[in-house]
Amino acid sequence: MSACTPTRHDRASRRTRPSPRRPPRLRPRIAGADVYASITVFLIAVPMALGLSLAVGAPLEAGLVAAAVGGIVAGLFGGAPLQVSGPSAGLTVVTAELIQIYGWRTTCAITIGAGLLQILLGTLRVARNALAVSPAIVHGTLAGIGVAIALAQLHIMLGGSPQSSVVANALALPGQLAVIGGAAPLIGALTVAVVLLWPRLPGRAGRTARRIPAALASVVIATAVAAVAAPGLARVDLPSWRSHAFPELPHGPVLALATAVFTVMLVAGLESLLAAVAVDRLAADRAGEPVKPPSPAIGSATAAPPQRSHLDRELRGQGVANTLSGLLGGLPVAGGVVRGSANVRAGATGRASSVLHGIWVLLAAALLVTVFEWIPLAALAALVMVVGVQMVSFAHIRNVHRHREFPVYAATVAGVIGFGALTGVALGVAVAVVVSLRRLGRTKMTVSEQDGRHVVTARGQLTFLSVPRLTRALGQVPPGADAIVELDGSFMDHAAYEAIQTWRGARIAQGGSVAFTGRSGDSIALAGRSDGGVDLPGRPGDVADTPTAAAAHSCCRPWTPWRNHHCHDRPTEPTHGTNTTSTSTSTSTSSLTEAVISTPGSAPDTARPKSAHRLRSGLTSFQRNTAPLVRDELARLASEGQSPSQLFITCADSRLVTSMITASGPGDLFTVRNVGNLVPPPHALPTDSPPTGTPPSDAPATPTTPATSGDDSVAAAIEYAVEVLRVESITVCGHSGCGAMQALLRGEPETGPDTPRTPLWRWLRHGLPSLERMASRRHPWARISGRLPADEVEQLCLTNVVQQLEHLRAHEAVARRLAEGTLQLHGMYFHVGEAQAYLLTEGAGSGTGHDEVFERVGTEEPEPAAARPATCTAAHPATCTTG
């Protein structure tokens, strides 16, 4: 039974506790940071919208329409609050081709059809499935489109005109370079230089200037230089809104139009969903960090907590935006990483920033037409060319190469450049399938002889594709000879399993012996799964002589014996997925006790295995499987005595497996577990004495213990670990969903004067300082790096770790070792549902005034001890909790 588990919410009992400060509400609102971020994105979006309109050959105002609709409509109805939508750079080549074939008005109708299809697919909830496409295909598609954009805009920047295809643009480039001249190339080169160098401006003046987006700065500088040095240069020509073109009924072959609609939907949808995921990652990286305002007038802002995008809603929102953009004569709309990342970095907290950006674009389109007409076309072409080049990401190329998917990436890029976006995607999918099949069938077979036994080694996955080579290798073993089959892989399908079992049966019938081993040489079981496949290897120590025996011993693998249903249990009913709460039948049990011992989501006792020998069967499993592996180590520890390096104080919750989450073994941890991972201070009140006041004189006497703390068990463990075992560190570990913390939030149940306090409540009174700390305004909130606490329960769990560390420092033995510099203290929080550990880095306790933050522990190896902060001392308590 779990000692600290989530409980149901009881508002009535919470009236008796102090009211802590609650974490801030996460509802979107228009804040100063949103206004500033919307202006930043607006200054990037306007030149981009004009440039993309120029690149595809559409009316220039079509880009402004798409930017306004994307910002307002997708911002309101989309599922990615921090993403900013607008004209799609990924659709530049596709849109340009559609305009050449069908004309602008039919292209608008195709955009409407693509939007309706996006709405349909979002309603069918297929957005998440779109992310199943290999990243190599997606990045290859964007890279191919980026190459096409860059080549076409390079011709405009050099003063020429783009050709009808990417290949034609590449072939015509030498001739264009031969006749280069005029002011257009110089203005284009100036724009490129400003875009690339603006983010790298040094000094204080550079930091101030970098608040202006590089795209806006490049266009403004190029426009100013062109106005002085080249007044005759071709500039933006915005026609009157009265002559704005609206969609018409499409005309052309139905199959070709349907293909065009599908292509626009596919590219725009993939670009939007991938951008939403990327923006989520940026927001998660930013969360918890203070955001500097652009000026004192904006006021301070705090980074928004990460808001995970709802991809199906985002796809529907993009569909609504595309439908409306097409109806109003705008370009196709999609979410963009450039606009979204700028929005996140500017400190946006919600969708208000995207909506405001769309409103600013709408106002600019109506009021700033004269200003736009001063912009040189060469500057816009250069800006879009830089965007196209940036779509070819070398980081993505290195990533796909590391995962051995570069052929898929290269095929997709070549297909997009040579045949178009849809054909490129199809070619990438075909190559990905071929690569996957080759990997499944690429199994190395070798046959050798060692000590009179023939060894057949199979390295790789054993599937039906490798069965011919497998049978040839097995056939090289002479009849009647002893054989060892070494299986170095993780999967075997049914065809390979049947081939091996047939061969094995024949070998045994001929008088030979067969053993199966893994790469390390350990014997393994060969047992089939219910789906026909086989996982390799099985549990170490298993040697199966028959398929039946193998199956009987393969239900538990090395990493699963600690799970709730063991291989020696045979439950008659499923024990997971239920939502039944175990309740107490005792009428004397208080609601507080129920809060701590109830376990929502656990199975009732009637659903558990009907075994009267659960303990014995578990011990038998240990003696059979685990004892042979650890007997030598335990014998050494028995003879040498224990010398653990850590004292680990954690909760008694059954879901916390300390040896597993710390990768520890026998003799590593000296563990103290109690309800709520509490550390009573050395001079705590007696557990059976009232916290405040004096009982009435007429109150009945109750038996009491001598006036001692009554909690010497934890103090004794601390003293023994610090003074006798001489541990090097002490860790206080809290966890998510702690029922003890929920019980503290609920408050002590109302009892009469004749009702003694239960032992559980007397113990939990040591957690009241944590509750008071969270409610106090003198202490900062403990936080998780990357996000805010999910609720007040998690907030109290974090605060409790910090408070118990303070109690720990008050113990004489601990204080003395800290002063000597021979002991370190650590705070830790373990999120059970995410299987994620966090280590505490403390600032407030050292007087620096910073919040305590629990940093996420990643998968990389920690830095060497020599590179860590100074040893924890009483003079420098901040180092006591650094991981």
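Position 1 is the first residue of the sequence, and the numbers go up from there.
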field: Side-chain donor or acceptor of Arg453 paired with backbone N/O of Asp482 under 3.5 Å
entry: no
- line: Smallest heavy-atom separation, Val167 atom then Ile417 atom, equals CG2-O, 4.4 Å
- prompt: Out of curiosity, Arg673 CZ to Cys651 SG, how far, rounded to the nearest 0.5 Å?
  reply: 7.5 Å
message: Could you check whether any side-chain N or O of Asp668 sits under 3.5 Å from a backbone N or O of Gly665, counting only pairs where one atom can act as donor and the other as acceptor?
response: yes
- prompt: Counting N and O atoms only, with roles assigned by atom type, does the side chain of Thr502 sit under 3.5 Å from a partner on the main chain of Ala499, one being a donor and the other an acceptor?
  reply: no
- request: Answer yes or no: is there a side-chain heavy-atom contact under 4.5 Å between Val264 and Val94?
  value: yes
query: Atom CG in Leu270, atom CE in Met265: separation rounded to 0.5 Å?
result: 8.5 Å
query: Going through the checks in order, is the side-chain contact (heavy atoms from CB on, under 4.5 Å) test met by Ser309 and Glu314?
result: CA-CA 7 Å; Ser309 297; Glu314 176 64 16; 5.6 Å; no
query: Which heavy atom in His735 sits nearest to a heavy atom in Tyr829, and how many Å separate them?
result: C-CE1, 3.5 Å
task: Go through the steps for Thr517 and Ile484 under the test side-chain contact (heavy atoms from CB on, under 4.5 Å), then give the verdict.
output: CA-CA 7 Å; Thr517 68; Ile484 298 176; 3.9 Å; yes
query: Going by distance alone, is a donor N or O of one side chain under 3.5 Å from an acceptor N or O of the other, for Gln836 and Arg856?
result: yes
- prompt: Is the side chain of Arg636 donor-acceptor paired with the backbone N or O of Gly641 at a distance under 3.5 Å, no angle test?
  reply: no
- prompt: How many angstroms lie between atom NE2 of His396 and atom NE2 of His139, to the nearest 0.5 angstrom?
  reply: 4.0 Å
Donor-acceptor under 3.5 Å (Gln118 side chain, Arg316 main chain): no
query: Ala334 and Gln318: which non-hydrogen atoms are nearest, and at how many Å?
result: CA-OE1, 3.5 Å
task: Spell out, as yes or no, whether a donor-acceptor pair under 3.5 Å connects the side chain of Thr731 to the backbone of Phe648.
output: no
Heavy-atom closest contact (Leu634 atom, Pro666 atom, distance): CD2-CB, 3.7 Å
- request: Could you tell me whether the side chain of Thr412 and the main chain of Gly140 form a donor-acceptor pair under 3.5 Å?
  value: no
- request: Determine whether Met445 and Val456 make a side-chain contact, defined as any pair of heavy atoms from C-beta on separated by less than 4.5 Å.
  value: no
query: Is a side-chain N or O of Trp503 found less than 3.5 angstrom from the main chain of Leu474, in a donor-acceptor match?
result: yes
- prompt: Got Ile661 and Met828 here, is their nearest side-chain heavy-atom distance under 4.5 Å?
  reply: yes
message: Main chain of Ala496, side chain of Asp493: is a donor-acceptor contact present, judged purely on distance under 3.5 Å?
response: yes
message: Between Thr457 (side chain only) and Glu486 (backbone N and O only), is there a donor and an acceptor less than 3.5 Å apart?
response: no
- request: Supply the atom-to-atom distance Thr443 OG1 to Leu465 CG, rounded to the nearest 0.5 angstrom.
  value: 8.5 Å
task: Count the heavy atoms belonging to other residues, nucleotides or ligands that lie under 6.0 Å from CZ of Arg404, then report whether that count exceeds 12.
output: no
query: Rounded to the nearest 0.5 Å, how far does OG of Ser643 lie from CZ of Phe670?
result: 12.5 Å
statement: When rounded to the nearest 0.5 Å, the distance separating OG1 of Thr463 from CG of Leu470 is 10.0 Å
